[in-house]
Undergrad: 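Quick one: the structure is below, questions incoming.
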2 protein chains.
Amino acid sequence: MSAPTLSIQQAATHSNVSVHTLRYYERIGLLPPIARDANGQRRYTERDLGAVNTLLRLRATGMPIQGMKRFAELFAQGEGAIPERLALLEEHQKAVHQRILELQTNLEAIDGKIKIYRKNTQVIPDSKSNSRGVGGSL
Amino acid sequence: MSAPTLSIQQAATHSNVSVHTLRYYERIGLLPPIARDANGQRRYTERDLGAVNTLLRLRATGMPIQGMKRFAELFAQGEGAIPERLALLEEHQKAVHQRILELQTNLEAIDGKIKIYRKNTQVIPDSKSNSRGVGGSL
DNA sequence: ATTTGACTTCGAGCGCACTCGAAGGTTTAA
DNA sequence: TTAAACCTTCGAGTGCGCTCGAAGTCAAAT
């Protein structure tokens, strides 16, 4: 039993991307050249799908295409480049972590605003209160 | 003592944006029309700076300009629109929270990969191991 | 007198990551 | 026979959020 492979259409569906994007990623070197069948059609292996998966995770965490390209290149260079691959991932890890912290910080500020709004919605302001607490300005 | 106001340059520096961006935000309706001095030059009040601050927080958490515009419009509509403002913020709050969760999930997957890489870097693989754990494919 | 910084309207350009369609080809299945 | 699904190269278009510069004006400060 040889490993099952997928057509580009199937791979696209499986990975939830468009066939356009799969060819695009291969074209710009994010994916290695995908193996072809007797008719020259792409056959995606488990490994290829794994690669797509990894790329999508990197993308989802905000890595720009240039970064992914660099990673793919380091991969193509074989085992010698493992330390660089590790370094790249660690750097990205750090960046993502900081991004999460930034989001959390800003989210807290928004939470604060929401609380103020809730107070103001619950109590109908009387003529003496001017609801200046609400935003001040936006 | 009247409230101190800032020139556009000062406001830009203070908020860490460009004067281009300040005018742009005003132009597209994110900021209210900024008050002018005798010479027609913008004078940014504390309130205006607060508005910029809020916008930057929304932006930093990924709210598109259209969303910010909607918020600004609701603000311009006065107190009657407070419930809608609240709703908009709550929706955004939810979205940001989900975004954070997504980042954390993907970050964990990346952490996993890093761990595998670290194992492989520590132990020089012998002829029997083929380091297939490392990425598999990227 | 000149430099600085502000103002206006306008439209072009940029970087990113796709996204799509055209045009022309082949193979395979119904 | 026809339709579906794949292939190629190519270039144009999209949406976002700026970003910039041009051209012309004005007023205050040195």
Side-chain angles (χ1 to χ4, degrees), chain A residues 4-45 48 51-72 92 95 99 102 106, chain B residues 4-45 48 51-52 54-72 92 95 99 102 106 138:
Chain A
T5 60
L6 300 187
S7 72
I8 194 169
Q9 191 57 255
Q10 292 169 326
T13 301
H14 177 93
S15 301
N16 202 31
V17 293
S18 71
V19 303
H20 269 306
T21 299
L22 283 181
R23 291 204 197 98
Y24 174 65
Y25 277 13
E26 185 179 344
R27 209 162 69 219
I28 66 178
L30 294 191
L31 290 174
I34 303 298
R36 307 308 180 98
D37 66 12
N39 289 316
Q41 303 199 349
R42 289 172 181 80
R43 307 269 42 174
Y44 290 82
T45 65
D48 296 330
V52 173
N53 193 349
T54 298
L55 291 173
L56 294 181
R57 276 187 199 289
L58 293 177
R59 182 181 76 172
T61 47
M63 182 180 283
I65 278 192
Q66 277 315 305
M68 298 196 260
K69 202 167 171 181
R70 177 102 188 93
F71 188 61
H92 184 57
R99 173 74 182 131
E102 189 201 344
N106 285 304
Chain B
T5 59
L6 300 187
S7 73
I8 194 168
Q9 191 57 253
Q10 293 170 325
T13 301
H14 176 95
S15 300
N16 203 33
V17 293
S18 70
V19 301
H20 269 306
T21 298
L22 282 181
R23 292 204 196 97
Y24 174 66
Y25 276 13
E26 185 179 345
R27 210 162 68 219
I28 67 176
L30 295 191
L31 290 175
I34 304 297
R36 307 307 180 98
D37 66 12
N39 290 315
Q41 304 198 348
R42 289 172 182 81
R43 307 269 42 174
Y44 290 81
T45 65
D48 296 329
V52 173
T54 298
L55 290 173
L56 294 182
R57 276 187 198 289
L58 293 177
R59 181 180 77 171
T61 47
M63 182 180 283
I65 279 192
Q66 277 314 306
M68 297 196 263
K69 201 166 171 182
R70 177 102 187 94
F71 189 61
H92 184 57
R99 174 74 182 130
E102 190 201 342
N106 286 304
L138 293 210

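Proteins come first, then strands; the chains are lettered A, B, ... in the order of their sequence lines, and each starts at number 1.
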Undergrad: Polar atoms only, N or O, under 3.5 Å: list the protein pairs with nucleotides 27-30 of chain D and their distances.
TA:
unit_1, atom_1, unit_2, atom_2, d
D:dA27, O3', B:Asn39, OD1, 3.4

Undergrad: Could you give the distance from CE (A:Met68) to NE2 (A:His92), rounded to the nearest 0.5 Å?
TA: 9.0 Å

Undergrad: Going through the checks in order, is the side-chain contact (heavy atoms from CB on, under 4.5 Å) test met by B:Val52 and B:Tyr25?
TA: CA-CA 9 Å; B:Val52 173; B:Tyr25 276 13; 5.9 Å; no

Undergrad: Round to a whole Å and report the spacing from CD1 of B:Ile8 to P of D:dC26.
TA: 20 Å

Undergrad: From B:His14 NE2 over to B:Ser7 OG, what is the distance, rounded to the nearest 0.5 angstrom?
TA: 12.0 Å

Undergrad: Indicate yes or no: at least one non-hydrogen side-chain atom of A:Thr61 is less than 4.5 angstrom from one of A:Arg57.
TA: no

Undergrad: Rounded to the nearest 0.5 Å, how far does CZ of A:Arg23 lie from CD of A:Glu26?
TA: 9.5 Å

Undergrad: Kindly state which residues belonging to residues 59-70 of chain B come within less than 4.0 angstrom of DNA chain C, counting heavy atoms of the residue only, listed by number.
TA: none

Undergrad: How long is the straight-line distance from CG of B:Leu56 back to CG of B:Asn16, given to the nearest 0.5 Å?
TA: 8.5 Å

Undergrad: Under 4.0 Å: is that the gap between some side-chain N or O of B:Arg42 and OP1 or OP2 of C:dA6?
TA: no

Undergrad: List in numerical order all residues of residues 10-38 of chain B for which some heavy atom is under 4.0 Å away from an atom belonging to DNA chain C.
TA: B:Arg23, B:Arg36

Undergrad: Are OP1 or OP2 of D:dA5 and a side-chain N or O of A:Ser7 less than 4.0 angstrom apart?
TA: no

Undergrad: Report the C-alpha separation of B:Gln41 and B:Arg36 in whole Å, then their side-chain angles, then the decisive distance to 0.1 Å, and conclude whether the side-chain contact (heavy atoms from CB on, under 4.5 Å) test is met.
TA: CA-CA 5 Å; B:Gln41 304 198 348; B:Arg36 307 307 180 98; 6.0 Å; no

Undergrad: Would you check if the side chain of B:Ser15 reaches a backbone N or O of B:Ala12 as a donor-acceptor pair within less than 3.5 Å?
TA: no

Undergrad: Any side-chain heavy atom of B:Asp48 sitting closer than 4.5 Å to one from B:Leu31?
TA: no

Undergrad: State, to 0.1 Å, how close B:Arg43 and B:Ile34 come at their nearest heavy-atom pair, and which atoms those are.
TA: O-CG2, 3.4 Å

